[in-house]
Amino acid sequence: MSPEPQKPVRYLSGVQPSGRLHLGNYFGAIQNHIRLQDQGECLYFVANYHSLTTLQDARLLAKYTFDAAADYLALGLDPQKALLFRQSDVPEVTELSWILSTVTGMGLMERAHSYKDKVAKGIAPTLGLFYYPTLMAADILIYQSDKVPVGQDQIQHIEMCRDMAGYFNHTFKKDVFKLPEGVLGTAPKVMGLTGGKMSKSDEASVIPIFGEPSEIKKKVMGIVTDSKGVAEPKDPDNSIICQLYKLLATEAEFQVMDNAFRQGGMGYGDAKKLLLAKLEETFGGERREKRKKMDEKPELVEDVLIEGAKKVRKIVAPTMEQVYEAVGIPSSQIKKRLLD
Ligand code: ADP
Ligand code: TRP
């Protein structure tokens, strides 16, 4: 008897369109997302419902949603290999998040770091912001995802998601959901230009992947340093210039900067120029051209998002049927009669 063919691993991840995508998003998550498209079944979405917790401006939300999808495509996401879609085009996700909320204890929700961190940063403490991990759990579970490639800040949310899947299966005595695992990318926590984690919520902290060259130059040349002169030894481990350069350069190139910092002989201005050149080499040229084409032909991006949503909705349907049956809610067949 021939062995059963192995199912490919299903990877799922999302990125919020609450600002321009930045180097933290790229090295923490997107680079890995694109690499994985050759290794398994990949589902990636733009989490526009999540962004509503911090961005309440219709025009900007639509713009950043488009920008995020266009950035992924310009960075190498191939729609023949991976599906890209908008979270809101799969409305069953919000339906499932409600059902999950009914089996999720307040204690679990109250332990979420990101809620406390965001409130501490001045973001309005709305019910949606608090409920955010439940919507994220629904995002993950509805596709029966195996692995969730994210940056470090999202790992707790994946743990919460596993707990919610367990509560659901236990409460309704049925193994509807599998327990997903988080996977980290090359740089789980990229530091920003202002000292903390690089994050869309602090514009001054980010280097946008596809910013205008003049803007990127201004940001890099403006990185604050101490006043050590060219000849003085410097600490590369505490320099954001070196940390970012390490992500972009080859090991040998990085060693040159690292040694020059430790021994003295490289000024901060020269190090910034090297960083700037690497940024241009990585994200300029072909990638920037491709990104510009998306702005000229937005319908190409829209087509990819619609095709992606159509395909993932087929994945969602059987899981939602199992959910309806497990909890005792009429199936979608019965709901369809409402439209007759
Ligand atoms: P932001 O924090 O900028 O709003 P998102 O929350 O949309 O970004 O995150 C999208 C993905 O990028 C997630 O997987 C997240 O873990 C990752 N990510 C965000 N910022 C960083 C960072 N500074 N370093 C590493 N990964 C990051
Ligand atoms: N909360 C994630 C972030 O801020 C984005 C996201 C929403 C997500 N739903 C998800 C990531 C599901 C992975 C899986 O980065």
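As the structure lists them, so they are numbered: ligands from 1, and atoms in each ligand from 1. Predicted model, so just to flag it, every value in this text is computed and none were measured.
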Working to the nearest 0.5 Å, report the span between CG of Asp163 and CG of Leu100.
12.0 Å
Among all protein heavy atoms in this structure, tell me which lies nearest to atom 15 (O) of ligand 2, with the distance rounded to 0.1 Å.
Gln154 NE2, 3.2 Å
Can you tell which of Gly24, Gly19, Gly14, Gly192 gets a heavy atom nearest to atom 26 (N) of ligand 1?
Gly24
Atoms in ligand 2 flagged as close to Phe45, the criterion being non-hydrogen separation under 4.0 Å:
9 (N), 10 (C), 12 (C)
So which protein heavy atom does atom 15 (C) of ligand 1 come closest to, and at what separation?
Asp153 OD1, 3.3 Å
Students should be able to answer this: which protein heavy-atom is nearest to atom 2 (O) of ligand 1, and at what distance?
Lys197 NZ, 3.0 Å
same_hphob_cluster(Ile140, Ile99) at 4.5 Å side-chain heavy-atom cutoff
yes
If we only count N/O pairs under 3.5 Å, is Gln16 in contact with ligand 2?
yes
heavy-atom search around atom 7 (O) of ligand 1 in the protein gives Lys200 NZ, 2.6 Å
Identify the two heavy atoms, one from Ser205 and one from Lys197, that lie closest to each other, and give their separation to 0.1 Å.
OG-O, 4.0 Å
Non-hydrogen side-chain atoms of Lys219 and Glu215 separated by less than 4.5 Å
yes
Check whether any side-chain N or O of Arg162 sits under 3.5 Å from a backbone N or O of Pro180 as a donor-acceptor pair, and report yes or no.
yes
Main chain of Gly267, side chain of Lys228: is a donor-acceptor contact present, judged purely on distance under 3.5 Å?
no
Below 4.0 angstrom from a heavy atom of Val150, which ligand 2 atoms are there? Numbered from 1 as shown, please.
13 (C)
Could you list the atoms of ligand 1 found under 4.0 angstrom from a heavy atom of Met198?
20 (N), 21 (C), 22 (C), 23 (N)
Among side-chain atoms of Gln156 and Ser114, is any donor-acceptor pair under 3.5 angstrom?
no
Are any of the N/O atoms on Val190, whether in the backbone or the side chain, positioned under 3.5 angstrom from an N/O atom of ligand 1?
yes
Pairs of nitrogen or oxygen atoms closer than 3.5 Å, one from Gln16 and one from ligand 1: do any exist?
yes
Compute whether any side-chain donor of one residue and acceptor of the other, for Asp78 and Gln37, lie under 3.5 angstrom apart.
no
When you compare the side chains of Tyr143 and Glu41, does any donor N or O come within less than 3.5 Å of an acceptor on the partner?
no
Nitrogen or oxygen atoms of His22 and ligand 1 under 3.5 Å apart:
yes
Would Tyr132 count as being in polar contact with ligand 2, using the rule that some N or O on each side must be under 3.5 angstrom apart?
yes
Just to verify, which of Gln16, His50, His157 counts as forming a side-chain hydrogen bond (donor to acceptor under 3.5 Å, both in side chains) with Tyr132?
Gln16
Give me the residue, atom name and distance of the protein heavy atom closest to atom 25 (C) of ligand 1.
Pro188 O, 3.1 Å
So, does Ala187 sit close enough to ligand 1 that a heavy atom of it is under 4.0 Å from the ligand?
yes
Atom indices of ligand 1, in the order listed, that fall short of 4.0 Å to a heavy atom of Asn25
3 (O), 5 (P), 8 (O), 9 (O), 10 (C), 11 (C), 12 (O), 18 (N), 19 (C), 20 (N)
Residue, atom and distance of the protein heavy atom nearest atom 9 (N) of ligand 2 read Asp139 OD2, 2.7 Å
Could you tell me the residue and atom name of the protein heavy atom closest to atom 14 (O) of ligand 1, and the distance to it rounded to 0.1 Å?
Gly151 N, 3.1 Å
Just jot down the ligand 2 atoms closer than 4.0 angstrom to any heavy atom of His50, in number order.
7 (C), 9 (N)
N or O pair under 3.5 Å between Val15 and ligand 1
no
Below 4.5 Å, heavy atoms only, C-beta onward: do Pro17 and Asp67 meet side chain to side chain?
no
Number the atoms of ligand 2 from 1 as they appear, then name those within less than 4.0 Å of a heavy atom of Ile140, with their elements.
12 (C), 14 (C)
Do Thr65 and Arg86 have side chains that get closer than 4.5 Å, going by heavy atoms?
yes
State the atoms of ligand 2, each with its element, that fall below the 4.0 Å cut-off from a heavy-atom position in Val148.
13 (C), 14 (C)
Of the protein's non-hydrogen atoms, which lies at the shortest distance from atom 5 (C) of ligand 2, and what is that distance?
Gly14 O, 3.6 Å
When you compare ligand 2 with Ser13, is there at least one nitrogen or oxygen pair between them that comes in under 3.5 angstrom?
no
With a cut-off of 4.0 Å, which atoms of ligand 1 are near a heavy atom of Lys189?
24 (N), 25 (C)
Donor-acceptor pair, side chain of Lys217 and main chain of Leu276, under 3.5 angstrom:
no
Atom indices of ligand 1 within 4.0 angstrom of Ala29 heavy atoms, with elements
11 (C), 12 (O), 14 (O)
Assign the ring pair His33 / Tyr72 to parallel, tilted or perpendicular, where the plane angle (0 to 90°) is split at 30° and 60°.
parallel
